[in-house]
Amino acid sequence: MNKLLRHRLVLPIGALVALILVNTIARPSFLSVTVRDGELYGSIIDILRNSAPLMLVALGMTMVIATRGIDLSVGALMAVSGAVSLTIIAGSPRPNDLGVIAVAIGAGIAVTLIFGVWNGFLVAVVGIQPIIATLVLMLAGRGIALLITQGFITTINSTPYQFMAQGYVFGLPFAFLVAVAAIIVVAIVERRTALGMLTEAVGINPTASRLAGVRSRGIIWGAYAGSGLLAGIAGILYSSNIMAADANSAGLNIEVDAILAVVLGGTSLAGGKFTLAGTVIGVYTIQTLTSTITFLGVPPAVTPVFKAAVIIIVCLAQSSRVKGWVRRLSAARPPAPPRTGAGAGEPVRLGQEVQVP
Amino acid sequence: MSSATLTRNHVPRERTRLLHRFSTRHASWIPVFAAIAILLAMLIAGQLYFGTFVTPRMLSSLLLDNAYLLVLAVGMTFVILTGGIDLSVGSVMAFTGILGARMLAGGVPAAVAMPTMIVCGAAVGLLVGVMVQVFDVQPFIASLAGMFLARGLAFVVSLEAIGVKDPVITWLQSARFAVGGWYLGPEGIAYQPNGWYITPTGIIALLTVAAAFWVLQYTRFGRTVYAIGGNEQSARLMGLPVARTKLLVYVISGSCAGLAGVIFTAYTGAGYSLNGIGTELDTIAAVVIGGTLLSGGSGYVIGSLLGVLVYGLIKVAITFMGADASWTRIIVGALLLLFVVVQRIIVARSGRR
């Protein structure tokens, strides 16, 4: 039992279950799923469908965070992919043609893949800190998306395109199936090959892993490229949901939610060990939280306070000091773990850095 | 003849050695020089392109329009120098702004409202600092929580904008200490009466910069900030008060955000809970353009001043050109990239030596 309680997924799962309980008590119909024309409807299904873009982005974010990085540009990349594909569809005479849509989607995702490769280049080859390297595209990306749509909100009418966000396959929302497919692909690539282990090695100690013969550069580069690709798909889903390319609000703050989902799931921002299952649970926790706030009639104004409370509680629960208090070991506290912030792993340059000019 | 060749060869070598010695000894100042160079290049290019660009009035309004950003950047510099980051500043500015506007509308005198705003900012900073230092939460996540908290509190205070008519607050913005000045126009040198001006908000911002410069360069606390950014472990082993200092930098950043709330309220003449969305990123960008390394331990508050001016100048130039506002973001992104690449090269070279 004790061992079970110490499992690293206990806390995330506990949070999700607690949220679902709160919802079920407040609204008994929360858990009910109705079948209409062979398609499933209900609050849970809505959560599964609406969480698809966040899921895609968070999966990419997990890979990037595992390499000790962070990708702030995902929201802007979502705006770019939506802008590219909707501009192509809007410019074509046959917006319902599957070929046109395939080209549009392919182009949108290709552009974000290139941006992802660019991020990876800055981080892995040039050696810029991930926060700043991706901040460049976070600032510039929305500007680029605005240029593509020429400052307008491009809207289209295309039934097949709309299907991606609102259609059903086998009674389940198509967007949810896309998210599941992405989870499966990422899980197979990371966990059924050595890539996941190598990623963790790079995240735990880049220098040591390079000395051990791991090609850290390629792995880091790949993580950012993958994150860009997934953000591109997320942008397509988002634009298909509202059938418009809104360069200003598409994917706004999704990077924050994605980072939160990853951290909620138990992956440390310091890099290294990551858990895909944790991220999946984290995403559903965040999405349920968002829905809960709406369900419970909490004024939208208080939403950020709610979110802040959740972050603070989860972070404190994960903090080693609180764990130490809980175990009543604070008297014989173990030495604090070495800080693994942005500057860690670099050689000591104290004398030089502190020099008074 | 031979002696002449000798001296002629000797002088440049001496010069490169001096340059070399200068650049190694002042390696951390080089990004600041780069920022100055960019600022001058932008001013000269603007002057050549527009004919009338560098006028006393434009330069004065540059400080007025960016006074709040300057104060935020000063606080952010402290945090970044320790190797941390503070994402909460934009929403803290909105929160203190709307709180102050609400208090003033309720009849609280400005002499009470303004210190309260700064203290509230400091309180959010303290919360972030406690999470970072005591509970080992990463600065990014801790300040993210602070950002949500402050934004939510701002919404709780009021969803609508609240106008401010308090004479003290409006005086901060409207009072102008002015002198005339000459500038180079298309028809030669022209005179602008009352061209150079400074508002109390501008004076507050410059005083903040001066105070921060003094603290960082000439006090024990300031040296400890640099030491922590250089290597926290070593700073601790040297017996420096790491915990206290790290808490204090977040409190300073929060107080600066509170002060920026005062300035921004005076600037816009109202408090609004949606103010300052994304301002934290502008602030970080300005600090980085000013040559402060995000890994901590290297940078100057003067650089942040230059970074803010560069940032403001980009916005002015875009307005002058009448170009789409989306270009601002792209240019800021490109400049940011340029600066981090330059910094990266400098760090790589000084590391090799």
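In the text below, chain A, chain B and the rest are named by the order of the sequence lines, each starting its count at 1.
Considering only heavy atoms from C-beta on, A:L147 comes within 4.5 Å of B:I330 through its side chain. A:V263 is not listed as a side-chain neighbour of B:F140, based on a closest heavy-atom distance of 4.5 Å or more.
To the nearest 0.5 angstrom, A:I312 atom CD1 is 11.5 Å from B:F148 atom CZ. Rounded to the nearest 0.5 angstrom, B:I331 CD1 and A:L139 CG are separated by 12.5 Å. To the nearest 0.5 angstrom, B:S295 atom OG is 10.5 Å from A:I132 atom CD1. Note that CG of B:L294 and CD1 of A:I131 are 6.5 Å apart. Values are rounded to the nearest 0.5 Å.
The two residues A:A140 and B:G333 have their closest heavy-atom pair at CB-CA, 4.4 Å. Here the closest heavy-atom approach between residue A:V305 and residue B:L153 is recorded as CG2-N, 3.8 Å.
Contacts between B:I284 and chain A at a heavy-atom distance below 4.5 Å involve the side chain alone, from C-beta outward. For B:V134, the parts lying near chain A are the backbone and the side chain together; criterion is any non-hydrogen pair under 4.5 Å. Only the side chain of A:I259 comes within less than 4.5 Å of a heavy atom of chain B; its backbone N, CA, C and O stay farther away.
The 12-atom threshold is exceeded at CZ of B:F33, counting heavy atoms of other residues, nucleotides or ligands nearer than 6.0 Å.
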